[in-house]
Amino acid sequence: MVAGVDVSYATQGDALVAAAVVLDAETLETVEVRVVEGTATFPYVPGLLAFRELPSVMAALEQLTRTPDLLVCDGYGLAHPRRAGLAVHLGVLTGLPCFGVAKTPFVFGHRDVGEERGAAAPLTSDDGEVVGRALRTQPGVKPVFVSVGHAIGLDHACAHTLRLARRYRLPETTRAADHLSREHLRTLTR
DNA sequence: GCGACAG
DNA sequence: ATCTTGTCGC
Ligand SMILES: [Mg+2]
């Protein structure tokens, strides 16, 4: 069981909606969905995203009737200035294996990535440590950035990412959580 | 000292 | 993240 989490924010005011979606890792079938309405209590500050998004994400996860075996975050884990991105926080808070899949670069660069699906290049710090991996999930489409959160290795995190992103650039977990939180927020704003 | 900066 | 109109490619 793999869970994806994400948060949507209202333009007016501080309302937000967090979503947790559990998918069967094999079939990608939706097993359970949870949405939580909340309020933003922390601003967006690059490097401190966990403090803005995780309170409501934790609330949504606590509503699940089944504990997932793996968590997938929308953002970074170890590939963070302090090696403490939201995927690391969420893994420690829950005690569950967790990794992050980010959509855009943050602070670490990488060599060119081949154009084929599965092509990859390490994200490295100035002193050469590998903190993540740029991974092409669809041929000819921008790569995603995978990094370890907690209790999982980078190879396994990338393998899961590829299995969860067979048709689209982003993992189905992230797509489902993003869609659910966005739609629920819309019902509040309209 | 200045610029860059996940979502 | 959210807003917003058009454009490009499969
Ligand atoms: Mg997000």
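Quick note on labels: first sequence line is chain A, next is B, and so on, each numbered from 1. Here the structure is a predicted model, which means the values were calculated and not measured.
For the OP1/OP2 pair of B:dG7 and a distance below 4.0 Å, the side-chain nitrogens and oxygens of A:Thr104 include at least one atom meeting the criterion. Between A:Thr11 and C:dA1, a side-chain N or O to OP1/OP2 separation shorter than 4.0 Å is absent. Residue A:Arg182 places at least one side-chain N or O closer than 4.0 Å to OP1 or OP2 of C:dT2.
No side-chain donor-acceptor contact under 3.5 Å links A:Ser147 to the backbone of A:Gly132.
Protein atom CG of A:Leu16 is 14 Å distant from nucleotide atom C1' of C:dT2, rounded to whole Å. Here B:dA6 presents its P atom at 17 Å from CZ of A:Phe51, a figure rounded to the nearest Å. The interatomic distance linking A:Asp14 (CG) with C:dA1 (P) rounds to 18 Å, in whole Å. A straight line from CG of A:Asp178 to C1' of B:dA6 spans 14 Å, rounded to a whole angstrom. Atom P of nucleotide B:dA6 and atom CZ of A:Arg82 are separated by 18 Å, given to the nearest angstrom. Atoms NZ (A:Lys142) and P (B:dA6) sit 12 Å apart, rounded to a whole Å. Remark: P of C:dT2 and NE2 of A:His179 are 13 Å apart, rounded to the nearest angstrom. Note: CD (A:Glu183) to P (C:dA1) measures 15 Å, nearest angstrom.
Residue A:Pro105 is classed as a sugar-phosphate contact, given heavy-atom separations below 4.0 Å to backbone atoms only. Looking at heavy-atom distances under 4.0 Å, A:Tyr9 makes contact with sugar-phosphate atoms alone, never a base. Among the heavy atoms of the strands lying under 4.0 Å from A:Gly47 is at least one base atom, whether or not backbone atoms are also near. Residue A:Leu48 is classed as a base contact, given a heavy-atom separation below 4.0 Å to a base.
In the model, A:Thr65 has a side-chain atom that pairs as donor or acceptor with a side-chain atom of A:Glu32 under 3.5 Å. A donor-acceptor pair shorter than 3.5 Å can be found between the side chains of A:His160 and A:Arg163.
Where stacking is scored as ring centres under 5.5 Å apart with planes under 30°, A:Tyr44 does not register as stacked on the base of C:dA1. With centroids closer than 5.5 Å and planes inclined by less than 30 degrees as the test, A:Phe106 and the base of B:dA6 pass as a stacked pair.
With distances taken from any side-chain atom of A:Lys103 to the nucleotides C:dC3, B:dA6, C:dA1, the minimum falls on C:dA1.
Contact check for A:Tyr9 versus A:Glu53: side-chain heavy atoms found under the 4.5 Å cut-off.
Of the charged side-chain nitrogens involved, at least one lies within less than 4.0 Å of a carboxylate oxygen, so that A:Asp74 and A:Lys103 count as a salt-bridged pair.
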